[in-house]
Number of protein chains: 2
Amino acid sequence: MKAERRIALIEAGTRLFAERGLNGVSVRELSRSADASISMVSYYFGGKEGLYAAVLEEQFACFDQIEEIRKQGGDPLAMIEGYIRWTIRRHRTHPYLLRFYTSELTNPTPYFAKIVSPAIEKVIRTLAEIIADGMRRGQFRTNIHAVSAATALAGMVSYHMLSTLATQALFGHAPVEDESLIRDYLAIFTRGIQAG
Amino acid sequence: MKAERRIALIEAGTRLFAERGLNGVSVRELSRSADASISMVSYYFGGKEGLYAAVLEEQFACFDQIEEIRKQGGDPLAMIEGYIRWTIRRHRTHPYLLRFYTSELTNPTPYFAKIVSPAIEKVIRTLAEIIADGMRRGQFRTNIHAVSAATALAGMVSYHMLSTLATQALFGHAPVEDESLIRDYLAIFTRGIQAG
DNA sequence: TCGTTCAGATCGAACGTTCGTTCGATAATA
DNA sequence: TATTATCGAACGAACGTTCGATCTGAACGA
């Protein structure tokens with residue numbers, strides 16, 4: 001057999017947990033939304049929190065990819081552009097990832113330390129390394145803390161993604177096209193940290 | 001009488017709701033934490049959600065202040081510095097505000113539209129106006145969308161505040177001093193949007 | 001090819017717990 | 001004495017989990 005209900009539960013959990021958090025969704029709603037019986041959650045995941053952890057794990061697996069960008073080496077400015085593009089692409093392929101991310105950042109569950117925190121750490125640390133690299137090359141100003149610059153960059157991009165939907169509704173300002181956004185953020189950030 | 005339990009409940013609610021969200025806290029825990037009986041929540045606020053709304057309202061009242069910065073006029077660059085300083089100060093005086101802010105942004109409750117959304121709108125709109133002003137003066141580059149620049153700035157600062165605690169634990173990088181942070185972010189952002 | 005077998009998949013009722021709210025009683029103040 | 005503040009027990013509803021029953025489909029022997 002194919003464990004179709006398992007897949008359906010992961011899908012429903014991904015959407016619902018992202019929308020309302022771990023405590024905002026009941027097992028009954030989860031299983032109803034997955035067209036499964038209420039006992040399937042415990043059967044496959046050992047309980048509600050097990051499903052949450054499974055969803056988290058699946059969503060955050062793709063964070064490993066940041067290291068590819070760094071390993072390929074090259075110009076720090078190009079790597080920063082790579083990071084922005086990668087983040088936007090990730091946002092398109094994992095539409096609920098950012099919600100989990102910020103949701104866990106503000107209201108961390110016990111799985112934060114195991115799954116989310118290492119994922120964040122990897123990204124910020126890699127970004128800071130790229131920036132420190134640019135500093136050593138004399139390409140970036142050295143009077144800025146590399147980790148501060150890394151969180152500034154991550155914050156710019158993540159916050160924009162998060163507020164895109166709200167922005168559209170609030171300001172009638174259609175969220176800028178990807179390419180336009182990349183150009184604006186690259187301009188602001190890289191011009192801001194360049195030396196000279 | 002003095003309605004001491006009411007105040008205690010607001011205080012407990014501010015901390016607990018920020019830490020775990022609306023659905024992460026029970027009325028029993030709320031009242032226990034406020035040394036009040038379980039019925040006080042309904043007595044004063046008409047129920048758990050009423051307390052949540054009261055806390056939200058109180059926390060977001062200070063967002064009106066952003067307009068003061070703009071009204072005073074002056075150099076757009078100085079106003080941007082004013083915004084960063086104001087945000088940091090707000091973070092010190094309202095230690096739980098940012099958590100509510102991002103928590104509501106990711107998992108909006110029915111009170112989002114009434115309380116949080118207008119507060120965010122005010123800040124981003126005002127920032128965008130300040131930046132557009134700098135553009136008209138020829139001080140800032142005009143090939144960047146003002147709202148994109150505004151969300152970039154807000155994102156940089158807010159994200160840093162949010163991740164400060166996590167950053168400290170994760171990277172051994174003690175969160176930078178306020179003045180140092182202001183200098184770094186000002187340098188990155190204002191240099192990034194300046195004309196020429 | 002057909003019936004049997006059996007482990008995995010799925011179900012829904014039932015259980016004990018916890019939830020948020022209500023309500024009558026009591027305490028404190030004016 | 002009237003009013004406000006506070007309490008804690010009680011209620012029905014909803015929660016997450018458990019469990020025995022049923023269904024499904026592949027494997028196997030005849």
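Ion pairing of A:R99 with A:E104 is absent here, as no side-chain N (NZ or NE/NH1/NH2) approaches a carboxylate O to less than 4.0 Å. By the 4.0 Å N-to-carboxylate-O rule, B:R15 lies too far from B:E11 to be salt-bridged with it. Classification of B:R85 and B:E81 as a salt-bridged pair holds, one side-chain N sitting under 4.0 Å from a carboxylate O.
In this structure, OH of A:Y52 is placed 18 Å from C1' of D:dC15, rounded to the nearest angstrom. Following rounding to the nearest Å, B:F45 (CZ) and C:dT22 (P) show an atom-to-atom distance of 15 Å. Between A:R6 atom CZ and C:dC11 atom C1' the separation is 19 Å, expressed in whole Å. Taking atom CG on A:L9 and atom C1' on D:dG16, their separation rounds to 14 Å, with Å as the unit. Rounded to whole Å, atom P of D:dT3 lies 23 Å from atom NZ of B:K2. Between B:R28 atom CZ and D:dC11 atom C1' there is a gap of 11 Å when expressed in whole angstrom units. The distance from atom CZ of A:R32 to atom C1' of C:dT10 is 18 Å, rounded to the nearest whole Å. Protein atom CG of A:L22 is 9 Å distant from nucleotide atom P of D:dG16, rounded to whole Å.
Of the candidate nucleotides D:dT6, C:dT21, D:dT18, D:dT18 has the atom lying nearest to any side-chain atom of A:S42. Checking D:dT6, D:dT17, D:dC7 against every side-chain atom of A:K48, the shortest atom distance belongs to D:dT17. Taking the side chain of A:I38 as heavy atoms from C-beta on, and the options C:dC19, D:dT17, D:dC7, the nearest nucleotide is D:dT17. Listed nucleotides: D:dT6, C:dG12, C:dT10. Nearest to the side chain of B:Y43: D:dT6.
Comparing A:V27 and A:S39 by the nucleotide of DNA chain D that holds the closest heavy atom to each, the one mapping nearer the 5' end is A:V27.
Using cut-offs of 30° and 60° on the angle between ring planes, the pair B:F17 and B:Y52 is perpendicular.
For residues 185-196 of chain B, the pairs satisfying side chain to side chain donor-acceptor pair (under 3.5 Å) are A:T151-B:Y185, B:H160-B:Y185, with sequence neighbours left out.
At the heavy-atom level, A:D35 lies under 4.0 Å from the strands shown only through sugar-phosphate atoms.
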